[in-house]
Trainee: 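One structure is given below, represented as structure tokens, and several questions about it will come after.
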There are 2 protein chains.
Amino acid sequence: MTPVARPFSHAIDRLRAVWLRPTRQRLALAKLLFDGCDRHISAEQLHGAALAANIRVSLATVYNTLHQFTEAGLLREIVVDAGRSYFDTNVSLHHHYFYEKSGQLVDLSGDMIHMEGIPLHSPDGRRVSRVDVIVRVDG
Amino acid sequence: MTPVARPFSHAIDRLRAVWLRPTRQRLALAKLLFDGCDRHISAEQLHGAALAANIRVSLATVYNTLHQFTEAGLLREIVVDAGRSYFDTNVSLHHHYFYEKSGQLVDLSGDMIHMEGIPLHSPDGRRVSRVDVIVRVDG
DNA sequence: CGCTAGTCTGTAATCGTTCTTATTTAAGAG
DNA sequence: CTCTTAAATAAGAACGATTACAGACTAGCG
Ligand SMILES: [Mn+2]
Ligand SMILES: [Mn+2]
Ligand SMILES: [Zn+2]
Ligand SMILES: [Zn+2]
């Protein structure tokens with residue numbers, strides 16, 4: 001049995017594992033992001049959440065951190081609309097509903113859609129890094 | 001047998017069919033867009049192509065026209081990256097390779113990928129308007 | 001400690017897109 | 001053809017998410 005979570009050291013370990021210094025800002029953002037439930041969050045939203053939790057952090061650092069986490073594989077960036085991008089704390093293989101009107105992004109369980117014929121390489125032999133499926137809903 | 005194309009009246013007919021007045025600008029842009037080969041083009045690129053062809057048209061009109069054509073079903077808008085969107089002259093069912101580095105978008109033949117389990121409605125019953133599949137290539 | 005590379009902040013710059021308003025034009029009526 | 005009117009266009013300002021920058025701060029280490 002896994003013991004009760006020790007969120008602080010969890011976050012530290014997570015950062016150490018990907019060679020990012022566990023600074024005050026990165027720890028605080030990691031705790032907000034990886035608190036248990038998966039989420040799709042924009043930089044502005046995370047910045048707002050941080051301020052609401054009395055964590056002083058600049059928007060620039062939120063952007064830097066989100067990109068560093070993404071590069072390290074702790075997050076996945078999802079682009080749904082020109083000029084809006086979300087960061088997904090669920091990095092397992094899954095796809096999304098996107099509600100055009102509200103801008104909401106919702107998970108589609110990973111095994112709901114089966115795809116065949118997805119190439120592993122591009123026509124000129126380059127490796128496919130990711131396949132994004134977005135199911136767009138008008139309302 | 002269809003006679004040899006008369007591109008000018010072609011463009012006029014195409015616009016009339018979707019209730020858009022065949023103005024000088026819309027006709028010129030339609031001719032650039034629908035000249036035979038399918039393409040994925042940005043607003044800036046189309047504007048550049050127009051200027052290169054000695055067609056005086058403002059960037060604002062290019063944006064308006066692209067959106068009107070999209071709404072009319074003559075184009076399909078594809079978002080690949082925050083802050084960049086492409087317009088596809090191929091509105092038939094197909095998917096795309098996206099080359100992250102060069103920003104190039106390439107068609108994947110429509111019958112190459114088979115998908116099963118794509119929902120027709122969202123969890124709360126709204127109609128799915130479109131499913132976008134983007135195969136991302138690093139190089 | 002005290003050094004140094006790495007990080008953070010606040011703000012300015014960027015850039016694709018959208019908005020605004022005056023001007024021009026398509027198209028139908030007479 | 002001329003007149004009228006609604007629709008469309010041009011030009012540039014405004015917008016908003018993101019990125020760049022330069023100076024201040026700090027984690028990690030000897
Ligand atoms: Mn990004
Ligand atoms: Mn658009
Ligand atoms: Zn997700
Ligand atoms: Zn295409």
Side-chain angles (χ1 to χ4, degrees), chain A residues 8-9 11-30 32 40-51 54-72 74-75 77-87 100 103 105, chain B residues 8-9 11-30 32 40-51 54-72 74-75 77-87 100 103 105:
Chain A
F8 189 79
S9 77
I12 284 192
D13 296 344
R14 209 187 265 254
L15 293 184
R16 288 247 162 83
V18 296
W19 294 96
L20 290 174
R21 282 192 187 176
T23 63
R24 187 166 44 78
Q25 293 84 347
R26 292 209 271 234
L27 278 171
L29 294 176
L32 284 177
H40 307 98
I41 197 169
S42 71
E44 294 272 5
Q45 283 167 355
L46 181 58
H47 188 230
L51 297 188
N54 252 327
I55 299 161
R56 256 201 330 288
V57 62
S58 73
L59 182 58
T61 295
V62 171
Y63 273 103
N64 286 338
T65 302
L66 286 171
H67 284 134
Q68 290 154 355
F69 284 11
T70 300
E71 196 142 343
L74 302 179
L75 291 175
E77 189 172 358
I78 298 175
V79 178
V80 286
D81 205 355
R84 243 193 309 192
S85 97
Y86 288 97
F87 294 84
E100 307 262 12
L105 202 59
Chain B
F8 189 78
S9 78
I12 284 192
D13 294 345
R14 209 188 265 256
L15 293 183
R16 288 246 162 82
V18 296
W19 295 96
L20 289 174
R21 282 191 190 177
T23 63
R24 184 167 45 78
Q25 292 86 344
R26 292 209 272 232
L27 279 171
L29 294 176
L32 284 178
H40 307 98
I41 198 170
S42 71
E44 295 272 4
Q45 284 166 354
L46 181 58
H47 188 230
L51 297 188
N54 253 329
I55 298 159
R56 256 201 331 287
V57 61
S58 71
L59 182 58
T61 296
V62 171
Y63 272 103
N64 286 338
T65 301
L66 286 172
H67 283 134
Q68 291 153 356
F69 284 11
T70 299
E71 197 143 342
L74 303 179
L75 291 174
E77 189 173 358
I78 298 175
V79 178
V80 285
D81 205 353
R84 246 194 306 194
S85 99
Y86 288 97
F87 294 85
E100 307 263 12
L105 204 58

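Everything quoted here is computed from the prediction, not taken from an experiment. Residue numbers start from 1 in every chain, and the chains themselves are labelled A, B, ... in the order their sequence lines are given, proteins ahead of strands.
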Trainee: Around atom CD of A:Gln45, are there more than 12 heavy atoms of other residues, nucleotides or ligands at under 6.0 Å?
Mentor: yes

Trainee: What integer distance in Å separates A:Trp19:CH2 from C:dG6:C1'?
Mentor: 14 Å

Trainee: If only side-chain N and O atoms of B:Ser85 are considered, is one of them under 4.0 Å from the OP1 or OP2 phosphate oxygen of C:dT17?
Mentor: yes

Trainee: Grab the two heavy atoms, one from B:Ala11 and one from B:Leu27, that are nearest each other, plus how far apart they are.
Mentor: CB-CD2, 3.7 Å

Trainee: Does any non-hydrogen side-chain atom of A:Leu74 lie less than 4.5 Å from one of A:Arg14?
Mentor: yes

Trainee: I want to verify a distance call: between C:dA26, D:dA17, C:dC8, whose nearest atom is closest to the A:Glu44 side chain?
Mentor: D:dA17

Trainee: Where the side chain of B:Thr61 is defined as all heavy atoms beyond and including C-beta, which of C:dT18, D:dT9, C:dT17 is the nearest nucleotide?
Mentor: D:dT9

Trainee: Send over the distance from B:Arg26 CZ to D:dT9 C1', rounded to a whole Å.
Mentor: 10 Å

Trainee: Choose from C:dG10, C:dT17, C:dT7 the nucleotide whose nearest atom is closest to any side-chain atom of A:Ala60.
Mentor: C:dG10

Trainee: Between B:Leu20 and A:Pro22, which is nearer to the 5' end of DNA chain D once each is assigned its nearest nucleotide?
Mentor: B:Leu20

Trainee: Return the nearest nucleotide to the side chain of B:Ser58; candidates are D:dA10, D:dA27, D:dT18.
Mentor: D:dA10

Trainee: What is the distance, rounded to the nearest whole Å, between atom OH of A:Tyr86 and atom C1' of D:dT18?
Mentor: 15 Å

Trainee: Where the side chain of A:Arg16 is defined as all heavy atoms beyond and including C-beta, which of D:dG28, C:dG10, C:dT18 is the nearest nucleotide?
Mentor: D:dG28

Trainee: What closest approach, in Å, do B:His47 and B:Val57 show between heavy atoms, and which atom pair accounts for it?
Mentor: NE2-O, 3.0 Å

Trainee: Starting at atom CG of B:Asp81, determine the distance to atom P of D:dT18, rounded to an integer number of angstrom.
Mentor: 11 Å

Trainee: Decide yes or no for B:Leu29 and B:Ile55: does some side-chain heavy atom of the first lie under 4.5 Å from some side-chain heavy atom of the second?
Mentor: no

Trainee: Determine, stepwise, if the pair B:Tyr63 / B:Gln68 fulfils side chain to side chain contact (heavy atoms under 4.5 Å, CB included).
Mentor: CA-CA 9 Å; B:Tyr63 272 103; B:Gln68 291 153 356; over 6 Å; no

Trainee: Where the side chain of B:Arg21 is defined as all heavy atoms beyond and including C-beta, which of D:dT18, C:dC8, D:dA7 is the nearest nucleotide?
Mentor: D:dA7

Trainee: Give the rounded distance in Å between these two atoms: NE2 of B:His67 and P of C:dT18.
Mentor: 5 Å

Trainee: Do A:Gln25 and A:Thr65 pass the side chain to side chain contact (heavy atoms under 4.5 Å, CB included) test, and can you show the C-alpha distance, the side-chain angles, and the key distance before you say yes or no?
Mentor: CA-CA 9 Å; A:Gln25 293 84 347; A:Thr65 302; 5.6 Å; no

Trainee: Provide, to the nearest angstrom, the distance between the CG atom belonging to B:Leu59 and the C1' atom belonging to C:dT17.
Mentor: 8 Å

Trainee: Rounding to an integer number of Å, can you tell me how far A:Leu15 CG sits from C:dT7 C1'?
Mentor: 13 Å

Trainee: Identify all stems in which DNA chain C takes part, counting only runs of at least 3 consecutive pairs (Watson-Crick or G-U wobble, each distance under 3.5 Å), and give each as one range with another, ordered by first number.
Mentor: C:1-30 with D:1-30

Trainee: C:dT9, C:dT18, D:dA8: which one has an atom nearest the side-chain heavy atoms of B:Tyr63?
Mentor: C:dT18

Trainee: Let's see if you can work this out: which of C:dT7, C:dT9, D:dA10 has an atom nearest to the side-chain heavy atoms of A:Thr23?
Mentor: C:dT7

Trainee: Could you check how far CD of B:Gln25 sits from C1' of D:dA10, rounded to whole Å?
Mentor: 9 Å

Trainee: Does a side-chain N or O of A:Gln68 approach OP1 or OP2 of C:dT7 to a distance below 4.0 Å, or not?
Mentor: no

Trainee: Is a donor from one side chain sitting under 3.5 angstrom from an acceptor on the other, for A:Glu77 and A:Thr70?
Mentor: no

Trainee: For C:dG16 and B:His47 - does any side-chain N or O of the residue sit under 4.0 Å from the phosphate oxygens OP1/OP2?
Mentor: no

